[in-house]
Undergrad: 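The structure that follows is given in the form of structure tokens.
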Amino acid sequence: LFRVLESRKLSAPEGSYTKRLFTDQTLLKNKLLEESQELIEAVEEGDVQHINEETADVLYFALTACCSGGGSLEKVIEELDYRSLKVKRRPG
């Protein structure tokens, strides 16, 4: 998905939704906030299918934000790996 987003950042056709997300930071922010709230609500409901759907939405918009801001999936994975080491070292 990240590779597709990188490609679309460079060559998405005018009017495409992904292009709008890359060029309208307010839209991207609002969608990420909206989908995060919907994920929280799905968890509160306990609906596993809905949780999966909303998680997919959050991941899509989070990766779009990362790509839009010049981040890389490789660096995100490195950061998660680093954090997992810190968690393993915590007592208790």
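On a predicted model such as this, the values are computed, not experimentally measured, just so you know.
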Undergrad: Considering all heavy atoms of both residues, which atom of L63 and which atom of L1 are nearest to each other, and what is their separation?
TA: CD1-CD2, 3.7 Å

Undergrad: May I ask whether I51 and I40 are part of the same hydrophobic cluster, defined by side-chain heavy atoms of I, L, V, M, F, W, Y residues being less than 4.5 angstrom apart, directly or through others?
TA: no

Undergrad: Could you measure the distance from the CG atom of L80 to the CG atom of L85? Nearest 0.5 Å is fine.
TA: 11.0 Å

Undergrad: Can you measure from CD (E53) to CG (L39) and round to the nearest 0.5 angstrom?
TA: 11.5 Å

Undergrad: Contact between K19 and F22 at the side-chain level, heavy atoms closer than 4.5 Å - yes or no?
TA: no

Undergrad: When rounded to the nearest 0.5 angstrom, what distance separates CD in E79 from OG in S84?
TA: 10.0 Å

Undergrad: Could you go through residues 64-74 and list every donor-acceptor pair under 3.5 Å that involves a side-chain atom there, pairing it with any protein atom two or more places apart or in another chain?
TA:
{"unit_1": "T64", "atom_1": "OG1", "unit_2": "Y60", "atom_2": "O", "d": "2.7"}
{"unit_1": "S68", "atom_1": "OG", "unit_2": "Q25", "atom_2": "NE2", "d": "3.0"}
{"unit_1": "S72", "atom_1": "OG", "unit_2": "K75", "atom_2": "N", "d": "3.1"}

Undergrad: Between E34 and K31, is there a side-chain N and carboxylate O pair less than 4.0 Å apart?
TA: yes

Undergrad: Going from CG on L32 to CG on L59, what distance comes out if it is rounded to the nearest 0.5 angstrom?
TA: 10.0 Å

Undergrad: What I'd like to find out is whether the side chain of D57 reaches to under 4.5 Å of the side chain of E54, using heavy atoms alone.
TA: yes

Undergrad: Could you state whether I77 and Y82 fall into the same hydrophobic cluster, counting links through intermediate Ile, Leu, Val, Met, Phe, Trp or Tyr residues with side-chain heavy atoms under 4.5 angstrom apart?
TA: no

